[in-house]
Amino acid sequence: MRFKNKIKIAIDSPAAAGAGTQAKLISKHFNLFYLDTGKIYRLIAYIKMAQPKKYNYALIKKKMSKLNMKDLQNKKLLSDEVGTMASIISKDKKIRKLVHAFQIKSAYHPPKKYNGSCLDGRDITYKIIPDADFKFFITANTNTRALRRYKELKGSSKKISFNDILKSVKKRDKSDYNRKVSPLKKTQDSILINTTNLTKRACFLKIKQIMDRKLKA
Ligand code: C5P
């Protein structure tokens with residue numbers, strides 16, 4: 001499938017709502033360049049955790065100027081601890097500014113072979129791609145999100161309890177929704193997708209149907 005113009009999809013969501021899964025499915029289906037923007041904040045968090053004494057603005061600025069997609073594939077970025085630290089460092093306005101350029105380039109100038117771009121995060125619909133062709137706010141109730149994250153992480157070597165994951169999802173929600181800089185919010189022009197009672201496939205079909213309707217109009 002080819003489009004006359006490149007398309008841009010912006011997705012915002014709270015932690016573990018299934019946005020990443022949907023963004024990947026949609027990107028594959030429509031041949032879009034996908035960027036999980038949370039991974040960039042996770043990478044910065046990981047650097048801070050691995051080198052707490054060296055961590056400073058200049059170091060991150062240098063790392064961000066050389067950032068590439070491979071840097072974001074490190075499995076260690078997926079841990080709950082890194083996610084929690086990401087929600088702390090992402091409150092810093094100066095740090096957020098450093099990662100904007102990479103996100104904007106990915107959204108507006110994806111590699112030529114793609115039909116466009118799809119980014120997910122917390123401030124994509126109103127800060128990074130305010131003129132996106134499609135905006136979605138993907139969410140699910142807190143217990144469902146915690147259970148999904150628990151199942152995802154259970155396979156890893158560390159001992160993990162559901163209650164700890166539930167606590168950390170709630171903590172992250174509180175921080176992401178209430179922070180002063182670029183808080184998580186559903187913009188008026190975003191379509192709400194509640195994945196609580198939907199399978200991955202049903203959710204994908206719902207989003208695809210919304211997109212097909214507009215693309216074929
Ligand atoms: O999406 P993910 O759970 O990987 O994001 C980790 C953290 O990074 C979030 O809890 C949030 O604090 C931060 N983040 C952000 N803005 C984005 C993406 C993620 O502040 N666009």
Side-chain angles (χ1 to χ4, degrees), residues 6-13 15-125 127-129 132 136 138 148-149 151-158 172 176 182 200 204:
K6 298 242 175 202
I7 60 167
K8 298 183 287 300
I9 306 183
I11 302 174
D12 284 323
S13 77
T21 303
Q22 293 307 319
K24 272 185 221 153
L25 290 170
I26 290 292
S27 298
K28 193 164 180 218
H29 181 79
F30 290 101
N31 184 34
L32 305 173
F33 179 69
Y34 169 56
L35 178 66
D36 170 357
T37 65
K39 284 270 177 68
I40 310 177
Y41 293 99
R42 282 174 179 262
L43 176 65
I44 298 171
Y46 181 71
I47 294 171
K48 185 175 166 96
M49 290 162 85
Q51 304 166 294
K53 287 197 179 129
K54 271 192 171 176
Y55 179 87
N56 62 33
Y57 178 77
L59 175 76
I60 301 304
K61 189 173 178 188
K62 198 168 157 204
K63 294 263 180 201
M64 289 303 114
S65 69
K66 292 187 286 191
L67 182 64
N68 64 63
M69 294 301 281
K70 261 203 177 156
D71 296 332
L72 306 178
Q73 281 159 15
N74 184 348
K75 287 244 160 43
K76 289 184 178 152
L77 301 184
L78 300 175
S79 80
D80 202 48
E81 291 81 3
V82 173
T84 301
M85 180 58 87
S87 77
I88 296 170
I89 61 96
S90 64
K91 288 183 195 168
D92 185 332
K93 199 174 181 174
K94 276 177 81 186
I95 292 289
R96 297 195 73 84
K97 274 206 170 150
L98 286 181
V99 310
H100 279 176
F102 187 82
Q103 296 179 52
I104 288 168
K105 187 170 169 247
S106 303
Y108 290 88
H109 304 285
K112 277 211 175 82
K113 64 176 179 175
Y114 293 102
N115 287 326
S117 59
C118 174
L119 274 66
D120 69 355
R122 304 292 186 280
D123 59 348
I124 309 303
T125 55
K127 187 105 196 179
I128 307 298
I129 328 180
F136 296 102
I138 299 185
R148 286 182 189 157
R149 180 53 49 90
K151 284 181 181 163
E152 217 175 79
L153 295 173
K154 212 170 52 169
S156 65
S157 55
K158 273 204 206 152
R172 212 123 72 79
D176 289 351
S182 297
K200 283 179 194 169
F204 164 71

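A quick note: this is a predicted structure, and the numbers were derived from the prediction, not measured. All residue numbers refer to positions in the sequence shown, counting from 1.
Between Asp120 and Asp36, the closest side-chain pair of non-hydrogen atoms falls below 4.5 Å. Phe33 has its side chain within reach of Ser106: a pair of non-hydrogen atoms, C-beta onward, lies under 4.5 Å apart. Val82 has its side chain out of reach of Met85: every pair of non-hydrogen atoms, C-beta onward, lies at least 4.5 Å apart. With contacts defined as side-chain heavy-atom distances shorter than 4.5 Å, the pair Leu25/Lys28 does not qualify. You'll find the side chain of Ile47 reaches within 4.5 Å of the side chain of Gln51, heavy atoms only. Ile40 has its side chain within reach of Leu67: a pair of non-hydrogen atoms, C-beta onward, lies under 4.5 Å apart. By the 4.5 Å heavy-atom criterion applied to side chains, Thr21 and Phe204 are not counted as neighbours. In this structure, Phe102 and Met64 have side chains that are not in contact, with every pair of non-hydrogen atoms separated by 4.5 Å or more.
Comment: Asp176 engages Arg122 in a salt bridge, judged by a side-chain N to carboxylate O separation of less than 4.0 angstrom. For Arg96 and Asp123, the salt-bridge test passes: some basic side-chain N is under 4.0 Å from an acidic carboxylate O.
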(Q) Walk me through whether His100 and Lys127 qualify under side chain to side chain contact (heavy atoms under 4.5 Å, CB included). (A) CA-CA 9 Å; His100 279 176; Lys127 187 105 196 179; 3.8 Å; yes
(Q) Evaluate Ile44 against Val99 for side chain to side chain contact (heavy atoms under 4.5 Å, CB included), listing each step before the verdict. (A) CA-CA 10 Å; Ile44 298 171; Val99 310; 3.6 Å; yes
Q: For side chain to side chain contact (heavy atoms under 4.5 Å, CB included), just list the numbers for Lys94 and Ile60, CA-CA rounded to whole Å, side-chain angles, deciding distance to a tenth of an Å, and then say yes or no.
A: CA-CA 10 Å; Lys94 276 177 81 186; Ile60 301 304; over 6 Å; no
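Expressed to the nearest 0.5 Å, how far CE of Met69 lies from NZ of Lys39 amounts to 8.5 Å. Rounding to the nearest 0.5 Å places CG of Leu119 at 11.5 Å from OG1 of Thr125. For the atom pair OG of Ser117 and CD1 of Ile129, the computed distance is 5.0 Å after rounding to the nearest 0.5 Å. Atom CG of Asp92 sits about 10.0 Å away from atom OH of Tyr41, to the nearest 0.5 Å. For the atom pair Cys118 SG and Ile11 CD1, the distance stands at 4.0 Å (nearest 0.5 Å). With rounding to the nearest 0.5 Å, the separation of NZ in Lys54 from CG in Asn56 is 10.0 Å.
In terms of heavy atoms, Ala17 sits closest to Arg148 at O-NH1, 3.2 Å. Of all heavy-atom pairs between Ile124 and Ala10, the closest is CG2-CB, 3.6 Å. Annotation for Tyr108 and Ile128: closest pair CE1-O, 3.6 Å, computed over non-hydrogen atoms. Pairing each heavy atom of Leu43 with each of Leu72, the nearest pair is CD2-CD2, 4.1 Å. Counting all heavy atoms, side chain and backbone alike, Asn31 lies closest to Lys113 at ND2-O, 3.0 Å. Taking all atoms of both residues into account, the shortest heavy-atom contact from Tyr114 to Leu32 is CD2-C, 3.5 Å.
Judged by distance alone, the side chain of Asn115 and the main-chain N or O of Lys6 form no donor-acceptor pair under 3.5 Å. Proximity of a side-chain donor or acceptor of Gln22 to a complementary backbone N or O of Lys200 within less than 3.5 Å is detected. Side-chain atoms of Asp71 come within 3.5 Å of backbone atoms of Asn68 as a donor-acceptor pair (strictly under, hydrogens ignored).
Figure legend: Lys48 and Tyr55 shown as a cation-pi pair, the cationic atom lying under 6.0 angstrom from the six-membered ring centre and within 45 degrees of its axis. Relative to the six-membered ring of Tyr46, Lys76 misses at least one condition, a distance below 6.0 Å or an angle of at most 45° to the axis.
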